[in-house]
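Read the structure below first, then the notes.
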Amino acid sequence: MTIKENDIEMIVKQVLSNLRNANNTPKKSSIGVFDDMEDAIAAAKEAEKEVKFMSIEKREAIIKKIREKTIENARALAELGVEETGMGRVDHKILKHKLLANKTPGTEDIKTIAWSGDRGLTLVEMGPFGVIGSITPSTNPSETILCNSIGMIAAGNTVVFNPHPTAIKVSMLAIKIVNEASIEAGGPENIVTTIFKPTLESCNILMKHKDIALIAATGGPGVVTAALSSGKRAIGAGAGNPPVVVDETADIPKAAKDIIDGASFDNNLPCIAEKEVVAVKEIVDELMYHMVKNGAYEITEAEAVLLTKLVLIDNKGRLSLNRDWVGKDAYKMLRAIGKDVNEDIRCIIFKGSKEHPLIVEELMMPILGIVEVEDFNEAVEVAISLEHGNRHSAHMHSSNISNLTRLSREIDTAIFVKNGPSYAALGFGGEGYCTFTIASRTGDGLTSTKTFTKSRRCVLADGLSIR
Ligand code: NAD
């Protein structure tokens, strides 16, 4: 038998291609976790082929498992999160995981619109994007990954995460939980993926990759701006600095309790948490008195100077957060400035000007500066300036409906909680669903399954109408 020259060429090509594929095989080192971003994207793309044709019933079965496993692992996730990042509180992180497991919407969030008439039937259905690239923060790391996974998978997508480098262990645990849930419910492995060492560089690869159809960025202004510059559709969940306004018509003891409950939750890490108070002068002292009764500790002007030096770094006039103190317990900060206090102090309060750095900066620490204003008109002006145009969150305590309506319109934020702690906005002591990705910058608001879908019109001309 003689072999023709063409056949030899074909065989050589085939062998070379097989060799190349063997080298390119993703080095899978842990469930859903890869060494290289390209491999993590390829694996999620492969899983997407199955998810795309999966029944809604099957998607829902996977989501049910994610919910169950999140609840089972709530303590482990909370403890690892606090241990790894050094931020937040275990008891509150357990509540956050249970909240997302119970209240993040699933497939029921997707609605179809239909028109039927003489010329047939037209449907608008919400379909998946494909593979989503999600960038997640250090402040709610596993909460964001699990919450995103529920909504994004419910919408029929798979996900590649670029978690915050300081929260990789807890993020990997969340990713493992989601993949195990998928496999146990009969879904694919790698329904969500990530890499061992996420960096800004891996984030850039993710944002620019041809196989990534949509970016969801949850974090500070840098990451949201980068996502919006990616040339793809991006959901931007950025920074906030939520003010809470209290006018003279509020129920002051209740307002004080709600504010301290909200501001001290997970040591003020949630982006929606009360970060400063604007109170009219008629009630400001009474408000602070009740705050102290609810576990706050009032510091003097001189102590506020010491605290500023502790938690903010002055780099040639440009202030930045001292990350060592983000999400730390109030009593630890007080002890660091020389105050001998008990561990049950939940929050530090002080009266300060609207220019005070501890009031202007988004600290994510249980420190609440209180700005005293003449009247409600001034309160509106000050609250808007302290929100910095983020249009993220603002809150108010009042029984004057005109005042509540006015501030909510003028401050124009994605979240506006009236007469409750800030976390009521996440369905915790308030109506509505939960999310940890609040797309303030891009106007999507509180994200849910439908946010991760694209609109598709399907027309059947001159038929299927039975009217
Ligand atoms: P961060 O901005 O430091 O990091 C978020 C993620 O973005 C990380 O993975 C980080 O590596 C990456 N990143 C940062 N800058 C980047 C850039 N220029 N290009 C590409 N990637 C970049 O955020 P953090 O400290 O973990 O979280 C705190 C901030 O996030 C606060 O400002 C908070 O208000 C905000 N936040 C917002 C929401 C929301 O839903 N709107 C939720 C949580 C946190």
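In listed order, ligands and their atoms are each counted from 1.
For R406, the CZ atom is densely surrounded, since the number of other residues' heavy atoms within 6.0 Å is greater than 12. Residue R233 places its CZ atom among more than 12 non-hydrogen atoms of other residues, nucleotides or ligands, all under 6.0 Å distant. Atom CD of E108 is surrounded by more than 12 heavy atoms from other residues, nucleotides or ligands within 6.0 Å.
Listed for the N419 side chain is a donor-acceptor partner under 3.5 Å among the backbone atoms of S398. At least one donor-acceptor pair closer than 3.5 Å links the side chain of K103 to the backbone N or O of G427.
Closer than 4.0 angstrom to ligand 1 by heavy atom are I135, T136, P137, S138, T139, N140, N162, P163, H164, P165, L200, C203, T218, G219, G220, G222, V223, A226, A237, G238, A239, G240, C271, R323, E362, M364, H392, F436, T437, I438, sorted by chain and number.
Put simply, the residue from T447, T218, D444 that forms a side-chain hydrogen bond (donor to acceptor under 3.5 Å, both in side chains) with T437 is T218.
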